[in-house]
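First comes the structure, then the notes that go with it.
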Amino acid sequence: MRFRIIGCAVAAALAVFPLVAQHADDTIRNPFTSADDVEAGGRLYRSHCAVCHGIEGEGARGVALTTGRFRHGSSDRGLYNTISVGIPGTEMPGIFFNGRQMWQLVAFVRSLSEGKAAEQATGDPEKGGAVYAANGCSGCHRIRGEGGRMGPDLTDIGVRSMGHLQASVLNPNESVLPQHWMVRAKSSDGKPITGLRLNEDTFSVQLIDGSGSLVSVHKADLAEFEVDRTSGMPSFEGKIEGEDLDNLIAYLASLRLGDPNDASQ
């Protein structure tokens, strides 16, 4: 019996580790995020995690989970690894579930913070809008159809967690999705080509350049070609601070589709 129990534990661990190894960067997103997955993750959370982190993620012996910002990684992949491997030197153990169950637990933990940024924000959204404008954010980002196209659309960014909003301003490289990768290339006659990568196959690549125009090029016509997987947005850590930072985060947290107070809807 002892042999069988140990064997089951090892099998469960091996079911997890291939996923962790496979997810070698923070562009991996949780594939199990339906309402049923969140509910299933909630059951796992209440039986294994709530005793330390609180029923609503409010924190107790363990850290609070309601801000969506975690020291050991706030991306989906980071959360997956923290839950499955644990945090050495702390009371946080690794938990051995199968891959889908682990992702369901990630989905539930994420639900504890998603959409709550507006109520957690301490700044003034109106003043934050002025900070947004003063720092030229609209040159790359769009809100309700107005602004640039080189960065993510922020029309509904307020549905994300406080941690996500803070990271997007202070540490934009924490999680860069493939749709935000940049192409940096040079044509055979030396002309630079730069833009947001839309589609790519073996022979060609399509991108949106700085003017918002769609550009399609054949790779055979390029002297240089590189896909930059880092964020095109600079970090504003040390540049936007104090009340200005609080106000900017409050402004971003206020951006929601269907806001009844938004006259532009």
Side-chain angles (χ1 to χ4, degrees), residues 5 8-23 25-123 157-171 174-175 245-246 249-250 252-253 256:
I5 292 174
C8 289
V10 172
L14 291 176
V16 170
F17 286 124
L19 274 173
V20 176
Q22 175 185 346
H23 298 162
D25 60 66
D26 285 336
T27 65
I28 300 300
R29 303 292 284 187
N30 188 350
F32 299 107
T33 58
S34 70
D36 287 343
D37 288 319
V38 173
E39 183 178 354
R43 291 193 293 271
L44 295 171
Y45 175 88
R46 286 186 289 274
S47 63
H48 291 81
C49 312
V51 66
C52 287
H53 294 287
I55 293 293
E56 301 296 331
E58 68 274 16
R61 289 170 57 190
V63 299
L65 305 176
T66 54
T67 66
R69 182 125 174 106
F70 310 108
R71 183 185 304 175
H72 296 275
S74 301
S75 66
D76 286 351
R77 178 258 184 176
L79 278 174
Y80 186 107
N81 284 356
T82 296
I83 295 169
S84 62
V85 178
I87 303 175
T90 74
E91 293 185 73
M92 176 71 185
I95 300 177
F96 300 125
F97 292 131
N98 68 44
R100 178 163 188 158
Q101 287 177 313
M102 193 68 73
W103 280 124
Q104 289 172 331
L105 188 51
V106 169
F108 179 76
V109 171
R110 186 74 74 202
S111 76
L112 295 172
S113 60
E114 295 294 304
K116 298 181 180 179
E119 62 192 64
Q120 296 172 346
T122 59
I157 193 67
V159 303
R160 306 303 297 271
S161 69
M162 177 69 76
H164 175 89
L165 298 182
Q166 292 171 335
S168 68
V169 174
L170 302 178
N171 185 20
E174 181 173 273
S175 180
L245 178 60
D246 291 342
I249 297 300
L252 296 175
R256 303 286 290 270

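- The nearest pair of heavy atoms linking Thr33 to Ala107 is CA-CB, 4.4 Å.
- For the pair Arg46 and Glu39, the tightest heavy-atom approach, listed with the atom from each and the gap, is NH2-O, 4.4 Å.
- Of all heavy-atom pairs between Ser161 and Ser113, the closest is CB-OG, 3.4 Å.
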Going through the checks in order, is the side-chain contact (heavy atoms from CB on, under 4.5 Å) test met by Phe32 and Val106? CA-CA 9 Å; Phe32 299 107; Val106 169; over 6 Å; no
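- Atom CD1 in Ile55 sits 7.0 Å away from atom OH in Tyr45 (nearest 0.5 Å).
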Could you go through the side-chain contact (heavy atoms from CB on, under 4.5 Å) check for Leu44 and Phe108 one step at a time? CA-CA 9 Å; Leu44 295 171; Phe108 179 76; over 6 Å; no
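- Taking the side chain as every heavy atom from C-beta outward, Leu65 and Val63 approach each other to under 4.5 Å.
- Between Val38 and Gln104, every side-chain heavy-atom pair lies at or beyond the 4.5 Å cut-off.
- Separation of atoms CG (Leu112) and CD (Glu58) is listed at 9.0 Å; rounding is to 0.5 Å.
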Apply side-chain contact (heavy atoms from CB on, under 4.5 Å) to Arg110 and His164, showing your working. CA-CA 11 Å; Arg110 186 74 74 202; His164 175 89; over 6 Å; no
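- In this structure, Glu56 places its CD atom where only 12 or fewer heavy-atom neighbours from other residues, nucleotides or ligands lie under 6.0 Å away.
- Note: Asn30 CG to Arg77 CZ = 14.5 Å, rounded to the nearest 0.5 Å.
- Distance check: Leu79 CG to Trp103 CH2 gives 8.5 Å after rounding to the nearest 0.5 Å.
- Scored by the side chain to side chain donor-acceptor pair (under 3.5 Å) test, Glu119 finds no partners at all (sequence neighbours excluded).
- One N or O on the side chain of Gln120 and one on the backbone of Thr66 form a donor-acceptor pair closer than 3.5 Å.
- Summarising the geometry of Arg100 relative to Asp37, their closest heavy-atom pair is NH2-OD1, 3.0 Å, with the distance given to 0.1 Å.
- Note that CG of Asp246 and OG1 of Thr122 are 4.0 Å apart. Values are rounded to the nearest 0.5 Å.
- Of all heavy-atom pairs between Gly158 and Arg256, the closest is C-CD, 3.3 Å.
- A 4.5 Å side-chain heavy-atom check between Leu170 and Leu245 finds at least one atom pair inside the cut-off.
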side-chain contact (heavy atoms from CB on, under 4.5 Å) assessment of Ile95 paired with Cys49: CA-CA 10 Å; Ile95 300 177; Cys49 312; 4.2 Å; yes
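- The two residues Met102 and Ser84 make their nearest non-hydrogen contact at CE-CB, 3.6 Å.
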